[in-house]
Amino acid sequence: MGLRRFCSVVVFAGGVLGGSVSPGFSAKDTAVTSSGLPVPRYVSLKSDHVNVRAGPTKDNDVAWVYTRSGLPVEITAEFENWRRVRDSEGAEGWVYHSLLSGRRTAVITMKNKDDLAPIYDRADPASPVAARLQAGVVATVKHCAAGWCHIGGSSFDGWIEQQRLWGVYADEKVD
């Protein structure tokens, strides 16, 4: 009897504090949370100093600090005003909600980190190449549809294949 009650508490605590997202979970399979927003979802960092904590309270130690405003992160869980986030390298921790922005950004990804991603004038691989970007470049996501995203930055603007971005789900439409 005692073991059954203990297991129920562990399962409940895991669901509230840190339920994980299973592999293959897509944006269309999202659950609605107490914030009224779906999880998982992509957001970006609002500041160039964001403490990431080991747990969802200020009593938890700061595990590391993000120092790049606009970096995309994926919210994988919520607990009150705290959001568990994962970055493009797979690191996870808890961030206070006011340090996050709904502004959509994405990181350029390539299979080989030395390859350059072509940015096209139009959503068409036959159109002229407007720029070539290194893996790791952060871009503002302006629009995504039909496997292409319109992105921009301080020295580039154009279209990229959606699969080359971390910060946008494979079948997601962004307006």
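Note: hydrogens, waters and symmetry copies are ignored here, and every other heavy atom, side chains too, is used. Because the structure is predicted, anything quoted here is derived from the model rather than measured.
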Fill in: Validation row: Thr76, Val85 side chains within 4.5 angstrom (heavy atoms)
no

Worksheet item: Honestly curious: do Ile151 and Leu116 fall in one hydrophobic cluster under the side-chain, below-4.5 Å linking rule?
Response: no

Worksheet entry | Reported OG-to-CG distance for the pair Ser69 and Leu99, which is rounded to 0.5 angstrom | 11.0 Å

Worksheet item: For the hydrophobic clusters of this structure (ILVMFWY residues joined by side-chain heavy atoms under 4.5 Å, transitively), does one cluster hold both Tyr96 and Trp64?
Response: yes

Worksheet item: Can you find a pair of side-chain heavy atoms, one from Asp175 and one from His143, that are under 4.5 Å apart?
Response: yes

Worksheet item: Can you find a heavy atom in the side chain of Pro128 that is under 4.5 Å from one in the side chain of Arg122?
Response: yes

Worksheet entry | Pairwise side-chain contact, Glu80 with His97, heavy-atom cut-off 4.5 Å (strictly under) | no

Worksheet item: Is the closest side-chain heavy-atom distance between Trp166 and Glu89 below 4.5 Å?
Response: no

Practice prompt. For a side-chain contact (heavy atoms from CB on, under 4.5 Å) with Ile119, tell me which candidate from Asp157, Leu133, Val137 qualifies.
Written response: Leu133

Worksheet item: Does NZ in Lys142 sit with more than 12 non-hydrogen atoms of other residues, nucleotides or ligands closer than 6.0 Å?
Response: yes

Worksheet item: Between Cys144 and Lys173, is any pair of side-chain heavy atoms under 4.5 Å apart?
Response: no

Worksheet entry | Minimum side-chain heavy-atom gap Val73-Val43 below 4.5 Å | yes

Practice prompt. Measure the CZ-CD1 distance between Arg41 and Ile75 for me, rounded to the nearest 0.5 Å.
Written response: 3.5 Å

Worksheet item: Looking at Leu45, Thr105, Leu165, Val168, which hits side-chain contact (heavy atoms from CB on, under 4.5 Å) with Pro72?
Response: Thr105

Fill in: Within-4.5 Å side-chain heavy-atom neighbours: Glu74 and Tyr169
yes

Discussion item. Between Trp148 and Phe156, is there shared hydrophobic-cluster membership here, with clusters defined by ILVMFWY side-chain heavy atoms closer than 4.5 Å?
Written reply: no

Practice prompt. Nearest 0.5 Å please: distance from the CG atom of Asn81 over to the OG atom of Ser98.
Written response: 8.0 Å

Discussion item. Test of understanding: clusters of I, L, V, M, F, W, Y form through side-chain heavy atoms closer than 4.5 Å, transitively. Do Trp94 and Val39 belong to the same one?
Written reply: yes

Discussion item. For the OH atom of Tyr42 and the CD atom of Glu172, what is their distance to the nearest 0.5 Å?
Written reply: 8.5 Å

Worksheet entry | Among Arg86, Arg53, Arg83, salt bridge (Lys or Arg N to Asp or Glu O under 4.0 Å) partner for Glu92 | Arg86

Discussion item. Testing the 3.5 Å rule here: is there a donor-acceptor pair between the side chains of Thr109 and Arg164?
Written reply: no

Worksheet item: Between Asp87 and Tyr66, do the side chains contain an N or O donor and an N or O acceptor separated by less than 3.5 Å?
Response: yes

Practice prompt. List the atom of Ser44, the atom of Gly70, and the distance in Å for their closest heavy-atom pair.
Written response: CB-O, 3.7 Å

Discussion item. Does Gln134, at its CD atom, have more than 12 non-hydrogen atoms belonging to other residues, nucleotides or ligands within less than 6.0 Å?
Written reply: no

Worksheet item: Any idea how His150 and Trp159 line up, ring-wise: parallel (<30°), tilted (30 to 60°), or perpendicular (>60°)?
Response: parallel

Fill in: Modelled atom types, side-chain donor and acceptor of Thr140 and Arg104, under 3.5 Å
no

Discussion item. Does Asn112, at its CG atom, have more than 12 non-hydrogen atoms belonging to other residues, nucleotides or ligands within less than 6.0 Å?
Written reply: yes

Fill in: ILVMFWY network linking Leu100 to Val138, side-chain heavy atoms under 4.5 angstrom
yes

